[in-house]
Each structure stands twice: as C-alpha cells, then as structure tokens.
Amino acid sequence: MGGYENGDSPVAAAGDGGVILGVDGGTTNTVCVCLPVAMPPPESPGAVPVLSRAVAGCSNRNSVGESAALETLEQVMAQALTLVNTDRSAVRAVCLAVSGVNHPSDQQRMLDWIRDLFPGHVKFYVENDAVAALASGTMGKLHGCVLIAGTGSIAYGVTEDGKVARAAGAGPVLGDWGSGYGIAAQALTAVVKAYDGRGPHTNLTREILRKLELSSPDELIGWTYADPSWARIAALVPVVVSSAEDGDEVANKILHDSVQELADSVVAVVRRLKLCGEDGMDQFPLVLVGGVLEGNKKWNISGEVVRCISKVFPGVHPIRPEVEPAIGAALLAWNHHRKGLKLENGS
C-alpha cells in the first residue's frame, strides 16, 4: 500500500494535514473514499471535498472468505491513496464499515490486521457497513435507524447516548428474506415449485429463463449451484419487480412478504432503543439505503416499507442519502479525529 518508509512521505494533494479514509465494504462491491483532514465542516452533502474514490469487489468474509475479503480491502485503500498521489503515511484515521463484521471478535481481528498496514499514529474505527450507511444520511452523526436492503439486509439503530441495536443482517441462511438475495431466491424456488407441481403457475418462469438464457426450469439447478454467490442471485430482483408490476400473483406475494420482513426489522430496532420515545410518537430519522430500496418504480418497495413502519411509529422520518455510505464512513472518521476521540472498536 504505497511507499511508506520510516513514516516520511509527501502528502501531495491533501495538504499538510493528511487524509482520512472511509471504506464501505459490501457483498456486491467495496468503495473507499479519501477526504482531506484540513477541511471545514461540510454544510451540505455536495460540499464534501472527496479527493479520490476507488472501487473493488466483495469484502464480506462470510461470502468470499477472510483472505479474499482482506485482500480486497487492502487493494481498495491502496488505490484510493494512489489516485491522490500519496501513501499510507499521510493517513490520520480510517473507518472500515464492512458487512460481515457482526461481533466484537470480528472487529478485533480486523483491527489486528489493519494496524499492520498503517503507521502507529493512525486511528481506526471498525464497524458493520450499516454504520456507514446511517452516517451517509446524517452527515457523519450517529443517531436514528438505517435500513439497508441490497444483496443482504440489516436494520441498525443508534441512540444519542450511544446505545445500539440491530435486526437481521445474519445472511441468507439465517433469514435475510427482505434482501435482494432473499427476494430472488424465493423467486427461483417459486419457479421450481411451479415446474414440478408443488406451486402455482407464475410468469416468473418465463421471465427468469429469458433473463438467464435458459430453455427449461431444469437448467436452473445447474445455473444456481455453478456459482451460488449472493450478488449473482440477487441480480434477479428487477425481474421479480417487473413481473409483480405486470400483475403476477406469485411475484407480488414475494415482494409483499419482503416488505413486511424489512419493516419488522426496523420496528424491532426502534422499539428496543425507544427511538420513538416512551409513547411511540417521537420523530426519528430512518435512512434508506440499498438497491432494493432505490428507484421510483410502480412497485415502490421503499415506500411500502415506510408505510408499514408509519402504522406503528407515526414519527418515522425517511431519509434518502445524497452521499454514498463510503463518504458517511469517512465523515465518521473525520468527526472523531477532529474531536480527538478514540476510534477503536467503535467506541
């Protein structure tokens, strides 16, 4: 990662103050952004002075294995520093917000790893990628709830005094059914059931076979297990949405069930943290992130999720971030660095 040697190197484009790295590590891809330490507090999302942005592949160790995940993280940070013509000696703080970091032991392993990559003065903040997503909607402040629904799904909340809670985010085997993977896997299952007589007819059969350029549902078995990566399966979500918009009952049921799963996750987090206040009526921010929740389709998944939540908590205030989660991660690290706070282990 650059030419760090004895702690001395130029900090080319960043000025003498050094740089901050923010990493959003997901199951589909990993993004790293580089910000200057010497920047004024940004007054709006568009005012964040991003020096560089790098993209790499999956860094969820539960999906690709720990070795491949760490290699991706090192690669994307190195690329971001190269793009700004500097190296790791210029780094002052790093926020790694990575999917698959679900336990203090996960954090500790990643801290032990990243400390060997950077000089001793660098401070680190290691958390689940949900933290970066929340910060992207609150400009680096941690308060409220975030719902991520992309390849995977998770609801994560933080109170003003630092209490945290999460729901879902345990991967496809343990039931992230509102995720892109969950939606697509249910659709594939529905096609197989329809084919062998265990389920109702569905237009998903025709549309999925056309999308995958297959001739028979029999071929889905080989296609699925040839490469069962989560992102590859989740890429079928647009087919499910379009089939539902065309009136397919099976596709509509899959989406309605997924909406309820996502809403239930948020409700569980908000209730545990009392983000809605004692009477359940207080306003709280809900940051919505991820491909499943994007777009203004006829079948508006995010709108339906908010509608379900608002029946329980009328004070929900949905936010669609104007900056990506990697910038949220960088702003978190920058805020902590500016205040002189210790970053390790999310403290």
Side-chain angles (χ1 to χ4, degrees), residues 20-27 30-33 35 41-42 44-45 48 60 93-102 106-107 125-170 176 178-179 262-263 265-276 282-294 302 305-306 309 313 315-336 339 341 343 345-347:
I20 301 287
L21 294 180
V23 179
D24 171 43
T27 304
T30 301
V31 179
C32 178
V33 299
L35 304 183
S44 67
V48 180
N60 184 327
V94 180
C95 177
L96 286 181
V98 184
S99 61
V101 174
N102 301 313
D106 300 330
Q107 292 177 313
Y125 185 87
V126 176
E127 260 295 357
N128 187 276
D129 60 334
V131 173
L134 175 59
S136 72
T138 59
M139 292 298 289
K141 300 174 182 177
L142 287 183
H143 171 250
C145 185
V146 62
L147 174 65
I148 302 176
T151 300
S153 64
I154 187 174
Y156 184 94
V158 184
T159 65
E160 290 183 347
D161 59 355
K163 294 185 179 69
V164 301
R166 56 176 286 171
D176 286 356
S179 68
L262 295 172
S265 296
V266 172
V267 168
V269 168
V270 172
R271 187 168 282 145
R272 282 162 61 192
L273 295 177
K274 297 183 179 178
L275 290 173
C276 53
D282 287 2
Q283 190 174 85
F284 63 91
L286 173 64
V287 180
L288 300 164
V289 176
V292 171
L293 301 174
E294 291 175 357
S302 62
V305 169
V306 171
I309 296 168
F313 301 125
V316 60
H317 173 59
I319 297 173
R320 301 179 192 278
E322 296 180 44
V323 299
E324 62 183 332
I327 293 178
L331 288 174
L332 270 176
W334 181 79
N335 280 334
H336 281 278
K339 295 173 183 177
L341 298 178
L343 306 183
N345 278 331
S347 60

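Numbers here simply count residues along the sequence, with the first being 1.
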Kindly give the heavy-atom pair with the smallest separation between V269 and A155, and that separation in Å.
-> CG2-O, 3.6 Å

Considering non-hydrogen atoms only, spot the tightest contact between V23 and C32 and give its length.
-> CG2-SG, 3.8 Å

For S136 against P325, the heavy-atom pair lying closest together = CB-CA, 3.8 Å

Is any side-chain heavy atom of V266 closer than 4.5 Å to a side-chain heavy atom of V316?
-> no

Rounded to the nearest 0.5 Å, the CG atom of N128 sits from the CD1 atom of I154 at a distance of 4.0 Å

Show your working on side-chain contact (heavy atoms from CB on, under 4.5 Å) between L35 and L331 and close with a plain yes or no.
-> CA-CA 8 Å; L35 304 183; L331 288 174; 4.1 Å; yes

Please confirm whether the backbone N or O of E294 pairs with a side-chain atom of R320, one donor and one acceptor, at under 3.5 Å?
-> no

Pairs satisfying salt bridge (charged side-chain N to carboxylate O under 4.0 Å, His left out), at least one member in residues 136-159, at least two apart | none

Distance in Å, T138 OG1 paired with I319 CD1, rounded so as to fall on 0.5 Å steps = 7.0 Å

4.5 Å side-chain heavy-atom contact, W334 and P42 | yes

To the nearest 0.5 Å, how far apart are OG in S153 and CG in L147?
-> 7.5 Å

Specify the closest pair of heavy atoms between A326 and V33, including all atoms of both residues, with the distance to one decimal.
-> O-CG2, 3.3 Å

D176 side, atom CG; L262 side, atom CG - distance, nearest 0.5 Å = 9.5 Å

With a 4.5 Å heavy-atom cut-off, do V48 and M139 have their side chains touching?
-> yes

CZ (R272) and OG1 (T159) are apart, to the nearest 0.5 Å, by 12.0 Å

Enter the distance from T30:OG1 to D24:CG here, rounded to the nearest 0.5 Å.
-> 7.5 Å

Write down the atom of L293, the atom of V289, and the distance for their closest heavy-atom approach.
-> CD1-O, 3.5 Å

Spell out, as yes or no, whether a donor-acceptor pair under 3.5 Å connects the side chain of N60 to the backbone of G26.
-> no

Answer whether the closest heavy-atom distance between the side chains of V131 and Y125 falls below 4.5 Å.
-> yes

Quick check: does any side chain N or O of R166 sit under 3.5 Å from a backbone N or O of A168, one acting as donor and the other as acceptor?
-> yes

V31 to E324 - nearest heavy-atom pair and separation | CG1-OE1, 3.8 Å

Considering only heavy atoms from C-beta outward, does the side chain of L275 approach that of D282 to under 4.5 Å?
-> no

